[in-house]
Amino acid sequence: LPTRVIDVGDKMDQTTVRLVETHGTRNNYAALSHCWGPPNKQPLRTVKATFQQHLLGISLSQLPKTFRDAVAIARLVKLRYLWIDSLCIIQDDLEDWTKEAPCMGQLYNRAHLVIAASGARDSSEGCFIQRLAPRSSIAIPFKREGSAPNGHVWLNTADDGAVGPHSEPLAKRGWVLQEWALARRLVHFTAKGMMWFCLEMDESTMCEDGTLAAGNKLSNWDGIIEEFTARQLTYLTDKLVAVEGIAGEMKSSREDQYASGVWTGELPQQLFWIGRDTQRPPELNMLPSWSWAS
C-alpha cells in the first residue's frame with residue numbers, strides 16, 4: 001500500500017471514511033485520477049492542521065462529489081482502500097510532498113484499479129456526470145426468406161465529437177499522462193458513458209457499446225514528451241516529476257541513462273526542441289537550459 005490511504009470501510013451506508021498510515025501493509029487499493037479544478041473549487045485537502053483529524057475520520061458530507069463517488073465505486077468493487085492525492089499527501093508539508101510525488105507513477109501502476117473522473121472539470125462534478133443525449137437511431141426493417149421471422153437493424157448517426165478518454169477534460173492535465181499510461185486497470189467515467197482499459201486490451205480502450213478507442217500506452221519518449229508538453233500544469237516546477245514514473249518504468253528496458261528529461265542514448269536528437277515562449281520562466285532556472293523541461 002502507499003504511505004497513506006483512505007479506509008472506505010466495507011458497508012455501503014457507512015457515513016465516514018478515515019485516513020490511515022499503512023506502515024508497509026500489503027493489500028489491494030484503488031487510486032483516483034481527477035481534476036483539482038480552479039482555486040475557487042479546490043477539493044478537500046489534508047494539511048498539517050487537519051492531519052490528526054483526518055486520521056480519526058472524515059464525514060462523507062465533507063468530501064466533494066468526485067471523492068464521494070470514488071468511495072462508492074471502491075466499496076462496490078470490494079476494495080477497502082482508496083488513494084486520493086489531495087488527502088493522502090500532506091499538502092502544506094514540502095518534505096512530505098518531495099517524498100511522495102516521485103512515487104506517484106509507481107503508485108498508479110500498483111493500484112488494483114484506477115478510477116478516472118475523466119469527464120469532470122473539477123472535484124464538484126463527480127464521476128457520474130450527466131450523460132449526453134443518445135445519438136438518434138433509425139430502425140430499418142428487413143424481411144427474411146422462408147419461415148424465418150422478420151426483423152430490423154438500427155442505423156445510428158455519426159458521433160459529432162472525438163470518441164475516447166483523450167477528448168475529455170481530465171486528459172488536458174499533465175500529471176494524468178502517467179496516471180493513465182502506467183495503470184494496469186482503468187475505468188473512465190465520462191458524459192459519453194464508461195470506458196474501460198486493461199493490459200489485456202492491446203493498448204485500446206473499450207466503450208460501453210463495445211467499440212474501441214485509443215488507449216493509454218506510449219512507448220516512444222519523444223512522443224511522450226510531445227503529448228505531455230501540450231498538457232496543462234498548475235506548477236511549472238512539476239514538469240520532470242510528473243513524468244518521472246514513466247521514465248522509471250522505461251529504465252528497466254534501456255541501457256542508457258536518464259537525466260533532466262532526456263535519454264543519453266538519444267542525444268543529440270532530444271536536444272532538438274523548440275520552446276513556445278521566448279522567455280524562460282524564472283521558476284525553471286534550476287533546470288539545465290538544454291532540457292525541454294527548462
Side-chain angles (χ1 to χ4, degrees), residues 1-22 27-93 96-97 100-101 104 107-108 110-131 165 168-173 175-176 179-180 183 185-191 194-195 234:
L1 288 172
T3 304
R4 303 178 197 93
V5 289
I6 301 298
D7 182 350
V8 302
D10 54 5
K11 297 178 181 177
M12 288 300 296
D13 59 353
Q14 191 169 322
T15 59
T16 60
V17 297
R18 67 187 182 95
L19 182 67
V20 296
E21 296 187 285
T22 61
N27 213 322
N28 289 329
Y29 66 95
L32 178 63
S33 178
H34 69 107
C35 278
W36 279 45
N40 62 331
K41 290 191 174 181
Q42 293 285 286
L44 181 68
R45 303 179 303 151
T46 295
V47 294
K48 293 176 183 178
T50 60
F51 176 58
Q52 291 299 325
Q53 180 59 50
H54 287 180
L55 291 174
L56 296 175
I58 307 171
S59 171
L60 286 182
S61 62
Q62 292 181 262
L63 299 179
K65 190 175 187 302
T66 297
F67 293 9
R68 295 197 305 272
D69 288 348
V71 167
I73 295 165
R75 288 173 175 173
L76 283 168
V77 297
K78 307 300 182 184
L79 289 174
R80 178 74 181 252
Y81 301 108
L82 172 65
W83 189 87
I84 302 175
D85 52 2
S86 71
L87 295 178
C88 297
I89 299 175
I90 304 173
Q91 296 297 315
D92 60 349
D93 187 331
D96 191 60
W97 191 91
E100 296 294 322
M104 280 200 266
L107 186 152
Y108 281 91
R110 291 180 175 178
H112 192 74
L113 174 68
V114 174
I115 301 165
S118 303
R121 292 163 295 184
D122 58 65
S123 61
S124 70
E125 295 187 346
C127 295
F128 307 115
I129 60 177
Q130 184 175 352
R131 294 286 190 99
E168 299 296 326
L170 183 55
K172 298 176 182 178
R173 305 303 305 169
W175 276 96
V176 171
E179 295 173 8
W180 294 3
R185 303 176 191 88
L186 172 62
V187 59
H188 298 274
F189 292 87
T190 79
M194 293 170 58
M195 302 177 191
T234 302

Could you check Y108 against W180 for ring pair (Phe, Tyr, Trp, His ring centres under 6.0 Å), going step by step and ending with a plain yes or no? CA-CA 8 Å; Y108 281 91; W180 294 3; over 10 Å; no
Mind running side chain to side chain donor-acceptor pair (under 3.5 Å) on T3 and E21 for me, showing each step along the way? CA-CA 6 Å; T3 304; E21 296 187 285; over 6 Å; no
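Counted by atom type alone, R173 and T234 present one or more donor-acceptor pairs between their side chains at under 3.5 Å. A donor-acceptor contact closer than 3.5 angstrom links the side chains of D85 and H34.
R4 places a side-chain heavy atom less than 4.5 Å from the side chain of F51. Side-chain contact check for V5 versus T22: some heavy-atom pair is nearer than 4.5 Å. Counting heavy atoms from C-beta outward, F189 and M194 have side chains that approach closer than 4.5 Å. You'll find the side chain of K48 reaches within 4.5 Å of the side chain of D93, heavy atoms only. Between L87 and L63 there is a side-chain heavy-atom pair separated by less than 4.5 Å. Side-chain contact between V187 and V114: absent, with no pair of heavy atoms (C-beta onward) separated by less than 4.5 Å.
Interatomic distance, L56 CG to L19 CG, rounded to the nearest 0.5 Å: 10.0 Å.
For the salt bridge (Lys or Arg N to Asp or Glu O under 4.0 Å) test, residues two or more places apart in sequence or in another chain that qualify with R80 are D7. Every salt bridge (Lys or Arg N to Asp or Glu O under 4.0 Å) that R121 has, sequence neighbours left out, goes to E125.
Residue pairs that meet the salt bridge (charged side-chain N to carboxylate O under 4.0 Å, His left out) test with at least one member in residues 65-77, sequence neighbours left out, are K65-D69.
Of the possible polar contacts, one joining the S86 side chain to the L44 backbone as a donor-acceptor pair under 3.5 Å is found. A side-chain donor-acceptor contact under 3.5 Å links T66 to the backbone of G126.
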